[in-house]
Amino acid sequence: MSDDLEAGDRVEIKWKGSTFSGTYISRDSRITVVKLQSGYNLSLDNSSISSIQLLSKHVPKGPLKEGPAGKGKPVFILGTGGTIASYVDYETGAVKPARTSQEMLYAQPDLAKIAAIDAEIVMNILSEDMQKGDWLRIAKKIYDKISQGEGVTITHGTDTLSFTSSAISFLIENPKAPVVFTASQRSPDRPSSDAFLNLKGAVKVAQSDVGQVCVVMHSSISDDELSIHSGVRLRKMHSSRRDAFKSINSEPIGTVDKNLEIHWRNYERINSRPMKIYENISERVGLVYFYPGMNEELLHKFADTNDGLIIAGTGLGHVTNRFVPLVKEYVSQDKIIGITTQCLFGSVNLDVYSTGRNLLEAGVIPLHDMLPEVAYTKLSFLLGNFDLDETKRLMTTNIRGEISDRRTE
Ligand code: DGL
């Protein structure tokens, strides 16, 4: 019995004295599923199968060939993984991860009506498996494409999308062509999938004049509007809804309507300042969520193994007063300790309560209304590319729209 069967292979199965031929779909420890010519799926218990013979290997039939396909301003799609990177094989009904650009475009033939599309799968991973080195690889691929003036759409898992979009925002300065992330909460085999519209909207935005890294996702649970978020301002706020992504402490920079028309609000256009890519990132930066009962030992672990630490503190930016002497000691060793708020909305303010003032005196850096994950990617970027004094200065300076210039609340 062949162990190398792939969904779509033509097979012949002998089961309890009967012979079935059809399209192999899947197999687990108990059952094998095969699609018969009638279109019905047949589930057979493995213990009664005497043989499975491979008749012919499956060759996916995509409408698009390798290389650019379609009409319109060219857009390059970089696949990194996540739900959006899967496609439905209509012959088998199986949902499979796309492994080639051809497979990635297979499920989305409409894209060819919008743009001349080319694609490359840079990696195919769940976004919780992303490493900082992956951000550098993705940045390099994007940079190579936008240097040729071509807009890029990056497909990504939703879970850590805001980490990657903010990391790329910092690593590429003054992008010369649009850099647009998108993702999906529901896989393309589900009628409620957001994958198609999100990708189409992202491709449209990648044909525009936007000069800041952005993310295109559903605005609401229906298919009527997409939001264009700044890459340094968004958060996944729901584990399953299609409108999970919200801009935090700022409005979306624009929207895309159901006819794929873009409506810009406040956005950065491509400018004439030189584009630059930063090729380093510090692996020695940590991010910790403070909680009542957190002990000193844990703070020691985080601070000892890193050169910089972002703390998501409570309220206006607090941690227990027990940590104040430790923070002071680490700051005297030239470690950077930045504080953000678990509230997400609003800014830290260490001038209001005595705890805040104690932390300020100990040398903590208050990080205004920056999101914790954005502070984390920013500090990793700065420590990888600048000296300590410049890192400290830039940490509290708005460099990519990650800090509001003035907050009234
Ligand atoms: N764990 C998810 C990820 O972020 C998979 C599903 C998705 O695309 O969101 O990769």
Side-chain angles (χ1 to χ4, degrees), residues 68 70-80 82 84-85 104-105 108 110-120 138-139 141-143 145-158 161-162 164-166 168-169 172 174-185 193-220 223-234 236 242-247 250-271 275 400-401:
K71 285 195 228 130
K73 196 169 175 184
V75 171
F76 202 89
I77 301 182
L78 290 176
T80 69
I84 195 164
M104 203 161 96
L105 298 177
Q108 314 255 4
D110 277 4
L111 287 179
K113 295 182 195 150
I114 304 173
I117 299 279
D118 203 353
E120 180 184 337
I138 295 168
K141 285 277 176 193
I142 296 171
Y143 184 81
K145 287 292 157 197
I146 58 179
S147 300
Q148 296 158 24
E150 199 169 334
V152 175
T153 292
I154 307 100
T155 55
H156 197 281
T158 53
L161 178 55
S162 59
T164 307
S165 66
S166 61
I168 301 301
S169 302
I172 302 180
N174 297 320
K176 281 285 142 292
V179 178
V180 188
F181 282 83
T182 192
S184 77
Q185 288 278 83
S193 179
D194 49 342
F196 307 107
L197 189 60
N198 287 350
L199 189 54
K200 281 196 274 186
V203 164
K204 278 300 264 193
V205 176
Q207 293 175 310
S208 73
D209 63 353
V210 64
Q212 67 185 107
V213 174
C214 56
V215 178
V216 172
M217 293 294 289
H218 266 62
S219 303
S220 70
D223 275 340
D224 53 6
E225 192 187 81
L226 305 173
S227 293
I228 311 171
H229 304 279
S230 154
V232 288
R233 288 294 199 167
L234 81 157
K236 181 176 179 177
R242 298 176 345 145
D243 60 345
F245 284 84
K246 302 287 175 221
S247 283
S250 86
E251 290 296 310
I253 59 172
T255 55
V256 183
D257 67 26
K258 59 177 183 243
N259 301 316
L260 300 180
E261 294 293 325
I262 302 173
H263 306 275
W264 291 110
R265 292 182 188 144
N266 249 337
Y267 77 113
E268 290 267 335
R269 286 194 173 80
I270 293 165
N271 60 54
M275 175 162 76
R400 304 278 192 271

Nearest-0.5 Å distance that lies between atom [atom1] in [X] and atom [atom2] in [Y]:
X      : Y      : atom1 : atom2 : result
Lys200 : Lys113 : NZ    : NZ    : 7.5 Å
His218 : Leu197 : NE2   : CG    : 5.0 Å
Lys204 : Ile262 : NZ    : CD1   : 6.5 Å
Leu199 : Thr155 : CG    : OG1   : 7.0 Å

Looking at residues at least two apart in the chain, or sitting in another chain, which of them share a side chain to side chain donor-acceptor pair (under 3.5 Å) with [X]?
X      : value
Thr255 : none
Ser169 : none
His156 : Thr164
Lys246 : none

Query raised in the report: Can you name the nearest heavy-atom pair linking Ile142 to Ile168, along with the distance?
Result: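 Residues Ile142 and Ile168, closest heavy atoms: CD1-CG2, 3.7 Å.
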Query - Nearest heavy-atom neighbours spanning Pro175 and Ile146 - result: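 Looking at all heavy atoms of both residues, the shortest contact is CB-CD1, 3.8 Å.
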Contacts of [X] that satisfy side chain to side chain contact (heavy atoms under 4.5 Å, CB included) - sequence neighbours left out:
X      : value
Pro252 : Ser227, His229, Ser247, Arg265
Lys141 : Leu78, Glu120, Val122
Ser230 : Gln212, Val232, Arg233, Ile253

Query raised in the report: Between the main-chain N or O of Val152 and the side-chain N or O of Lys145, is there a donor-acceptor pair closer than 3.5 Å?
Result: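 Between the backbone of Val152 and the side chain of Lys145 there is no qualifying donor-acceptor contact (under 3.5 Å).
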Query raised in the report: Looking only at atom types and distance, does a side-chain atom of Asn259 sit under 3.5 Å from a main-chain N or O of Glu261, one as donor and one as acceptor?
Result: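 Between the backbone of Glu261 and the side chain of Asn259 there is no qualifying donor-acceptor contact (under 3.5 Å).
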Report task. Only pairs at least two apart or in different chains count here, so list each side-chain hydrogen bond (donor to acceptor under 3.5 Å, both in side chains) that has a residue in residues 174-184. Result -> Asn174-Asn271
Query raised in the report: With a 4.5 Å limit on heavy-atom distance, are the side chains of Ile172 and Val213 in contact?
Result: no
Query raised in the report: Does some side-chain heavy atom of Met217 sit less than 4.5 Å from a side-chain heavy atom of Leu234?
Result: no
Query - Reference residue Val179; test side-chain contact (heavy atoms from CB on, under 4.5 Å); the match among Ile138, Ile154, Thr153 - result: Ile154
Please enumerate all residues that pass salt bridge (Lys or Arg N to Asp or Glu O under 4.0 Å) together with [X], with sequence neighbours excluded.
X      : answer
Asp223 : Arg242
Asp209 : Arg269
Lys236 : Asp159

Report task. Mind checking ring-ring contact (aromatic ring centres under 6.0 Å, His included) for Tyr267 and listing every partner two or more places apart, or none if nothing turns up? Result -> Trp264
